[in-house]
> 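Structure provided below as structure tokens; questions to follow.
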Protein chains: 2
Amino acid sequence: MTRPLRSRPTLEEVAARAGVGRGTASRVINGGEKVSERARLAVQQAIDELGYVPNAAARALVTRRTDAIALVIAESEERVFGEPFFAGVIRGIGSALAEADRQLILVLAQASRRRGALDEYLTRQHVDGVLLLSLHDDDELPARIRAHGVPLVVGGRAGAEVDHDFVDVDNVQGARLAVEHLLGLGRRHVATIAGPSDMVAGHSRYEGYADAIAAAGVPVEERLVARGDFGQASGEEAMRALLAGGAVDAVFCANDLMAAGALRALGEAGLKVPEDVAVVGFEDAPIAQSTTPPLTTVHQSPEQMGREMVAVVLAATREPGTPQPGRMLPTHLVVRGSA
Amino acid sequence: MTRPLRSRPTLEEVAARAGVGRGTASRVINGGEKVSERARLAVQQAIDELGYVPNAAARALVTRRTDAIALVIAESEERVFGEPFFAGVIRGIGSALAEADRQLILVLAQASRRRGALDEYLTRQHVDGVLLLSLHDDDELPARIRAHGVPLVVGGRAGAEVDHDFVDVDNVQGARLAVEHLLGLGRRHVATIAGPSDMVAGHSRYEGYADAIAAAGVPVEERLVARGDFGQASGEEAMRALLAGGAVDAVFCANDLMAAGALRALGEAGLKVPEDVAVVGFEDAPIAQSTTPPLTTVHQSPEQMGREMVAVVLAATREPGTPQPGRMLPTHLVVRGSA
DNA sequence: GTGGTTGATGGGAGCGTTCCCACCGCTCAC
DNA sequence: GTGAGCGGTGGGAACGCTCCCATCAACCAC
């Protein structure tokens, strides 16, 4: 060892040891063409012997790519990490990025209080693209990020006005599926427990419900619509309200947690599921399998959503400036005991 | 604009616009001394006008610091994101790093299948330090990371053999607190539902239990010790087993979820809490507030744990090669209805 | 007046890559 | 025999920044 132990070996040293030029060594590392087998082997061996690891900064400086993608979580973090849905999305993002040899930079928007710092960070100088995970419609963050000219993909559309660069579950189709199933079972009074209307998952699942009801030639009755906040307690309460409103023989709930609440309320009211009232949820969350009876629900794949988000953002980095078409992920019904 | 719109302005351009040299401009940006007010203002204005953002790669190349800290999650991700404890730790890490102007790089160890790739990444070439979150004792990852000479801090000690560079909740002390409380209440037959012995939280909370029992001059009875897997169902089952084993008037559970299960089993057995059997949990998870009765439990702060991990790893980056003393976070008892 | 000190400044050198171009030695067609 | 073409190669230049050193003006003490 002639050089100080502290500093890691450079490409130059690898090349020297392999008895080739810097250019050739670089070509070997980056899988370039036009390298003789002899040179390739020599370089490979030198790399192993020296324990060479390419310097990311130097590479980024010249290629103008950082190979890093930021995941911005705008939601309050308790929420995000608590919900299995988000956990799934993050898992999907993580594995897709790993496959593409990109790094995942997690930005908790709440944590970085200084909004200026956030803006400065989400720049080409730092990341190749940005993924945004948010529930609410009102956020102005997307616009700010886009203004920097960084590719951005939103998971769960943040505001209906944007029709590109997003990935979302097809909530409308899923809800329709659920309601059609209930109608197909011969149910006459299909109610819904909808989510908050300021969240996409809230209003679009309601939209699907209304669509399906209308398509069946039945008018949507006011008394058959209740609202919750996606929490279990709110589902319980909403169910009680629906029962108080008149005859109900089926309920489509905008998520599984509210459906679990509804099941409880039905039990307390002495009604049998699915005999008296059929229940369908949305999400296919873990809880759907542990309710009694197990919940019939609309299955969505958060993991796939994460993977798709990555696919879209990587596509966007390849064609800068070109908006990528949004992607709607299909859902399907999982029939269990409750309907 | 004389230069192409695509490329962002460089420091050189900022300097030129401000009518100063590159060095002076750099000094202004990095809050250096010895800059006249006049120069500072001129540079500041130029930065604003041009929308200048420093290039991270170029900076990292010369400073040899990336200002990025990797958080490696070795656990299966479902687990990590599901548990509120981990969510809290991550939140703490996120905010502490943001305050220190460091970036959080999330590495899901499961996702990056190629273990070689992981190793290569966790190098000074890429990150300044590594945080490792894991539950199990057997992992050989820490050794591999340390071999690269990168500062590493483990959250929740991965193996008792390491006595430095870790941050953990003082499980032993917490458990002792809980048991002392029960004994102080005059309970004679204090049982425990312990966690898996291959997890630190499992065996060290049991250790605290045994300590406190022994300190009270009572022998630890075999029949008063049951084991669960930290899940609610296992707590229920364990409680039933304890009841079948003889007189019990108090139970210390290694976590709140198992305590919730125990409460259920006690209810089914027709026993009153806390009158007949007092119950104490560990964790102070959200569920502790929603059980009936609300759970008396040992409070720990995952968020603080995250913040401490950051503090330790940053300290380690400042004194490379020097092992940092491990930190044990104190806990305290939160008395609610169950004991 | 002289020499030393101090605040402020400009710019060269260098960080470790990739990109690109010049170049080398062969082979093959004419 | 000559020139074009091609696989393979070496190394200069550039990426955008920080570090450091030389320099300068202003000021003070003697």
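Lettering of chains follows the sequences in order, A, B, ..., and the numbering in each one begins at 1. As a basis for the values below, the full set of heavy atoms in this structure was taken, side chains included, without hydrogen atoms, waters or symmetry mates.
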> Just call it for A:Ala39: base, sugar-phosphate, or nothing, with non-hydrogen atoms closer than 4.0 Å on any strand.
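Since only primed, P, OP1 and OP2 atoms lie under 4.0 Å of A:Ala39, the category is sugar-phosphate.
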
> For D:dG7, take OP1 and OP2 only and decide whether either is under 4.0 Å from a side-chain N or O of A:Lys34.
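So the side-chain polar atoms of A:Lys34 do come within 4.0 Å of the phosphate oxygens OP1 or OP2 of D:dG7, strictly under.
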
> May I ask you to evaluate whether B:Ser26 reaches the phosphate of D:dC17, defined as a side-chain N or O under 4.0 Å from OP1 or OP2?
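For B:Ser26, the contact criterion (side-chain N or O under 4.0 Å from OP1 or OP2 of D:dC17) is not met.
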
> Send over the distance from B:His126 NE2 to C:dT17 P, rounded to a whole Å.
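B:His126 atom NE2 is separated from C:dT17 atom P by 10 Å.
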
> Provide, to the nearest angstrom, the distance between the CZ atom belonging to A:Arg65 and the C1' atom belonging to C:dT17.
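It works out to 13 Å between those atoms.
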
> Taking CD from B:Glu37 and P from C:dT9, how many angstroms apart are they, rounded to a whole number?
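Whole-Å distance recorded here is 10 Å.
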
> With respect to the phosphate group of D:dT18, does any side-chain polar atom (N or O) of B:Thr63 fall under 4.0 Å of OP1 or OP2?
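Answer is no, no contact under 4.0 Å.
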
> How long is the span from the CZ atom in A:Arg59 to the CG atom in A:Asp67, to the nearest 0.5 Å?
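With rounding to 0.5 Å, CZ (A:Arg59) is 7.5 Å from CG (A:Asp67).
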
> Determine, step by step, whether A:Asp128 and A:Arg65 satisfy the salt bridge (Lys or Arg N to Asp or Glu O under 4.0 Å) criterion, reporting the C-alpha distance in whole Å, the side-chain angles of both residues, the deciding distance to 0.1 Å, and the verdict.
CA-CA 6 Å; A:Asp128 293 346; A:Arg65 292 183 320 141; 5.1 Å; no

> Side chain of B:Thr123, backbone of B:His126: donor and acceptor closer than 3.5 Å?
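Judged by distance alone, no pair lies under 3.5 Å.
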
> Please give, in whole Å, the distance from C:dG16 P to B:Asn55 CG?
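It is 17 Å, rounded to the nearest whole Å.
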
> Between B:His148 and B:Asp119, is there a donor-acceptor pair closer than 3.5 Å when you use the side chain of the first and the backbone of the second?
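At least one qualifying donor-acceptor pair exists.
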
> Mind checking if B:Ala57 touches a base, just sugar-phosphate, or nothing, with heavy atoms under 4.0 Å?
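If one applies the 4.0 Å heavy-atom cut-off, B:Ala57 turns out to touch nothing in the nucleic acid.
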
> Within the side chain of B:Thr10, is there an N or O that forms a donor-acceptor pair under 3.5 Å with the backbone of B:Glu12?
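Looks like yes, one N/O pair under 3.5 Å.
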
> Considering heavy-atom distances to DNA chain D, does B:Ala58 or A:Ala25 have its closest nucleotide positioned more toward the 5' end?
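Its nearest nucleotide being more 5', the pick is A:Ala25.
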
> Using five pairs at either end of the helix from C:dG1-D:dC30 to C:dC30-D:dG1, determine the angle between the two local helix axes and round it to 10 degrees.
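That helix gives 50° between its end axes.
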
> Please confirm whether the shortest side-chain N or O distance from B:Arg22 to OP1 or OP2 of C:dG11 is below 4.0 Å.
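False: B:Arg22 side-chain N/O out of range (4.0 Å or more) of C:dG11 OP1/OP2.
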
> In this structure, which one of A:Leu131, A:Val130, A:Val127, A:Leu118 forms a side chain to side chain contact (heavy atoms under 4.5 Å, CB included) with A:Val107?
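Answer to the side chain to side chain contact (heavy atoms under 4.5 Å, CB included) test with A:Val107 among A:Leu131, A:Val130, A:Val127, A:Leu118: A:Leu118.
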
> Under 3.5 Å, is there any donor-acceptor pair linking the side chain of B:Arg27 to the base of C:dG10?
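A donor-acceptor contact between them is present.
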
> For the pair made of CZ in B:Arg64 and C1' in D:dT18, what is the distance, rounded to whole Å?
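Distance check: B:Arg64 CZ to D:dT18 C1' gives 12 Å.
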
> Return the nearest nucleotide to the side chain of A:Val62; candidates are D:dT9, C:dG16, D:dG10.
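Selected nucleotide: C:dG16.
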
> Rounded to whole angstrom units, what separation is found between the CG atom of A:Leu61 and the P atom of C:dC15?
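To the nearest whole Å, that distance equals 14 Å.
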
> Taking only N and O in the side chain of B:Thr10, is any of them less than 4.0 Å away from OP1 or OP2 of D:dC15?
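Indeed not, no polar side-chain atom of B:Thr10 lies that close.
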
> For the pair made of CD in A:Glu12 and P in C:dT17, what is the distance, rounded to whole Å?
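Value for this atom pair: 9 Å.
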
> Is the phosphate of C:dT18, meaning OP1 or OP2, less than 4.0 Å from a side-chain N or O of A:Asn30?
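Yes, within the criterion.
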
> Has B:Arg327 got a side-chain atom pairing as donor or acceptor with B:Phe166's backbone, closer than 3.5 angstrom?
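Such a contact is absent between B:Arg327 side chain and B:Phe166 backbone.
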
> Can B:Glu99 and B:Arg307 be counted as an ion pair, charged N to O under 4.0 angstrom?
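Yes, B:Glu99 and B:Arg307 are salt-bridged.
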
> Can you check the A:Arg59 CZ to C:dT18 P distance for me, whole Å?
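Checked: the CZ to P distance equals 5 Å.
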
